[in-house]
Structures are given as C-alpha cells and as structure tokens.
Amino acid sequence: MKETPLSNCERRFLLRAIEEKKRLDGRQTYDYRNIRISFGTDYGCCIVELGKTRVLGQVSCELVSPKLNRATEGILFFNLELSQMAAPAFEPGRQSDLLVKLNRLMERCLRNSKCIDTESLCVVAGEKVWQIRVDLHLLNHDGNIIDAASIAAIVALCHFRRPDVSVQGDEVTLYTPEERDPVPLSIHHMPICVSFAFFQQGTYLLVDPNEREERVMDGLLVIAMNKHREICTIQSSGGIMLLKDQVLRCSKIAGVKVAEITELILKALENDQKVRKEGGKFGFAESIANQRITAFKMEKAPIDTSDVEEKAEEIIAEAEPPSEVVSTPVLWTPGTAQIGEGVENSWGDLEDSEKEDDEGGGDQAIILDGIKMDTGVEVSDIGSQDSEEEEMIILEPDKNPKKIRTQTTSAKQEKAPSKKPVKRRKKKRAAN
C-alpha cells in the first residue's frame, strides 16, 4: 500500500486540532460516525456504511468434506479484499501487510471466539459438513476498516439462511427455498471490533479514527467485545507503551459502543424480516435515499367545487364591459387594405410603375449577334423581329446535322425587354 505522505503543515494542523480536542468532521473525542446498514435481495448480502467507509458483505455456503481432526464441525472461511476502487493506494493482485493483518484479526474475532456453532453445520459426521464463506469487499476507504468489516461480517452471518437438508441412510437431500424454508445459522453472540487511536505517545485518545487521523497516529488499539462485555480479542499495533489504566478505560468505552451497535444491528435485522414477511419492497435499490432536486412533493388538499358557477357569474358581473369601439379598415389604394396604424402601403405605386414600364418597353428590341455555342457552331440572326421562324441545328454523333424549322413564339420577344424595367423598380423603391 503506497500512500501519499502528508506534508509537515498538514501534520501539524491535525495534531494541533487533536490537542485542542477538535476533529475534522466535528465529532467529539469518543463519538462514533453514523452507521447505516442496508440489505440486498438475497439472504446474507449487506452493505455497512461507517461514515464514508463502505464495506459489502456476502455469505455463501456449500457441502464439503470436513477436516480430518474435526470430523463433526463445519468450516468457516473469511476473506477481505481491498481494491483500487476503495482507494488508489491499494495495489491490485498483491496481499499487502495491512490486508494480511486485517484478515488475521477477522479470523480471531469471529472464528476463534466461537460466535457461530460450527457443530450445527455438520450433516454427516466425517463425510458432509457445511462450509460457510464470508467475502468482504471494501467499497470506499475513509479510515477504520476493521470496525466496518467486523460489523458487515456479523450482520451478513445473522442475515444468512442456508438450504435445509435431510439424511436418509447414506443419501443426503438438499431442498430448494421453494420446497422448504431456509435455515438460519446458530449464532451464540456478536463480537464487534472497536478501534482506538493514540497520539503523542498515548497522551491523546480518539475513537473511530478516520483516514486522515490514521496517518498521524502513533498507535492503534483494537478491542473485540460482545454486548455481555466479554472481550473476544485485543490487539495493539504501532509500538507504543500503554498503561493498564488506559487499556481498562478503552475497554469500558468499547463496552458502551458495542451495546449501541448491537442494538442497531438487531433493529435493522428485525425491520428487514418484517418487510419480507409483509411482501414489501426490499433490497439495495430501495435503501437508496430519494434525493431529487427537480421533484417536489405537496400534500393533496380537497377543493370545494359546489359554488363554482355562482362565483363565476359574480366575477363576470363585476368585470368591466368590453369596449364598443370597432376598428375599420383604411383603404389607401384600390385593392389594398390596412387595419390600425402602420407604415403606408406602397403596393399601388409599384403596380403603376409596372404598367408604365410595360407600355414603354414594347418599342424596344434587343438584337443578339454572333453568339458562339459550346459545340463550336455559330448561329446568327436569332433575334430578328420581322421573321417568326428560325433555324435550329441539332448535332448527333455519326450523323449529318439536320435542320429543323421551329416557330418561335412572341413570348421570347416580350420577355427580352422586361429586363430593363427591373432596374427602374429598384430605383423607385429606393426613392420611396
């Protein structure tokens, strides 16, 4: 695990805040972060959130052969994984010292404390036993991984249900959940880890350190205890010397915290079981808080519509009558109309100018001489006024050119002189 070291300024700031009994998230010295437990759709699946530290717990089981030295006991297996999704400092595909230490502590806390009755996991002595596997995945790392992992492991084990079995002679029958209800595990007690961070060689103490506080701490004390105040395991790391009174003080604080967390776990399990029996919605999707900034919920209020017609008549009677003034169209020129006040219409002037242009344009003629075509053939005297016929030459490949006489229309001669008056119209519009 390669962490980015803190600068001297950050380190001094954190130590100074701890000396003044202040924490970055506003907690007191012995306060725990908020714990949130949510369950999946399957039994044995849960997510535990300790502040911003999130751990996913999943329990599975299978029938295997027992160990030779313990033929009548089931097998418990714990596996904690630290991925780069939780923190960039974790290296994938390699077991770091932190991971090995956490896995060993989990085994001592849950397996060696005999919190689960392993003899109840035996199906056929020496032949078939249940192997219970607890997989813990760290989803987000914000300090105190061991506490969140221990809570997730015990919650997943309490929530898990194994399939029911029956033995007839040498035959073992495994039943599906539809055939028989799954069987919960036999759990004697619930050990929970509580971490204490020490600073300035044991002078200052904090409960549930976060990721920043773990970087500047001198030592760590982890106490695993159940609600009966029975210490299951205890581990000190960091190389600091602790006094007897400090350890006793931490054990008393751990007893109070474990009792509160155990009560929270039992309440969460009871609520999930109640929802499943009633047929309500459950799962991770239902546990996500519905936080929408575009949706607003308003309470529905009844509306009395019995006197709507009377109120409408009163409003109409009190309203001012409409004005009797009716707008009349203004006729500026024949063929046009204008309502209201606006710019004068110039359509009439344009029509007069077009008529004048048409009358004067009949005397003009345009003669096109010597127009060269792309085919290289020269055609002359196309636009003569006196003749109403013209010759057109059609070129076809490998054939002699044919002369075709076509009768020109007078429309071509009338269209030609209409090009000049366009300029006059533009000038008139500009003048207006």
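Residues take their numbers from the sequence shown, with the count starting at 1.
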Using modelled atom types only, decide if a donor and an acceptor are shared between the side chain of E278 and the backbone of V275 within a distance under 3.5 Å.
no
I'd like to know whether E81 forms a side-chain contact (heavy atoms from CB on, under 4.5 Å) with L138, so could you lay out the CA-CA distance, the side-chain angles of the two residues, the decisive distance to 0.1 Å, and finally the verdict.
CA-CA 6 Å; E81 292 186 2; L138 182 64; over 6 Å; no
Indicate yes or no: at least one non-hydrogen side-chain atom of F198 is less than 4.5 angstrom from one of L242.
yes
Under a 4.0 Å N-O cut-off, is there an ion pair linking E211 with R215?
yes
Keeping the roles fixed (side chain from N79, backbone from D135), state whether a donor-acceptor pair exists under 3.5 Å.
no
Can a donor-acceptor pair be found between the side chains of N210 and D142 at a distance below 3.5 Å?
no
Please walk me through it: do V55 and I47 pass side-chain contact (heavy atoms from CB on, under 4.5 Å)?
CA-CA 6 Å; V55 178; I47 290 180; over 6 Å; no
So is R133 actually on top of F77's ring, under 6.0 Å and inside 45° of the axis?
no
Presence of salt bridge, E263 and K267, under 4.0 angstrom:
no
Go through the steps for S195 and D147 under the test side chain to side chain donor-acceptor pair (under 3.5 Å), then give the verdict.
CA-CA 7 Å; S195 299; D147 289 17; 2.7 Å; yes
Look at the side chain of H189 and the backbone N and O of E230, then say whether any donor-acceptor pair between them is shorter than 3.5 Å.
no
Do N112 and T233 pass the side-chain contact (heavy atoms from CB on, under 4.5 Å) test, and can you show the C-alpha distance, the side-chain angles, and the key distance before you say yes or no?
CA-CA 9 Å; N112 298 346; T233 184; over 6 Å; no
For W130, run the side-chain contact (heavy atoms from CB on, under 4.5 Å) check against L76, V165, I75 and tell me which one passes.
V165
So, D218 side chain and Q200 main chain: donor-acceptor pair closer than 3.5 Å or not?
yes
Can you measure from CD1 (I18) to NZ (K22) and round to the nearest 0.5 angstrom?
13.0 Å
For R276, is there an ion pair with D272 - N to carboxylate O distance below 4.0 angstrom?
yes
So how far is it from L136 CG to N103 CG, rounded to the nearest 0.5 Å?
8.5 Å
Working to the nearest 0.5 Å, report the span between NE2 of H141 and OG1 of T53.
7.0 Å
E62 side chain to Q131 backbone, donor-acceptor under 3.5 Å:
no
Picking from L185, L266, I187, what satisfies side-chain contact (heavy atoms from CB on, under 4.5 Å) with C158?
I187
Would K52 and N140 satisfy side-chain contact (heavy atoms from CB on, under 4.5 Å), going step by step from the backbone distance to the final call?
CA-CA 7 Å; K52 292 184 179 180; N140 189 43; 3.9 Å; yes
Once you round to the nearest 0.5 Å, how far does CG of L105 lie from OG of S150?
8.5 Å
For the side chain of R23 and the backbone of R27, is there at least one donor-acceptor N/O pair under 3.5 Å apart?
no
Are the side chain of H159 and the backbone N or O of G44 linked by a donor-acceptor pair below 3.5 Å?
yes
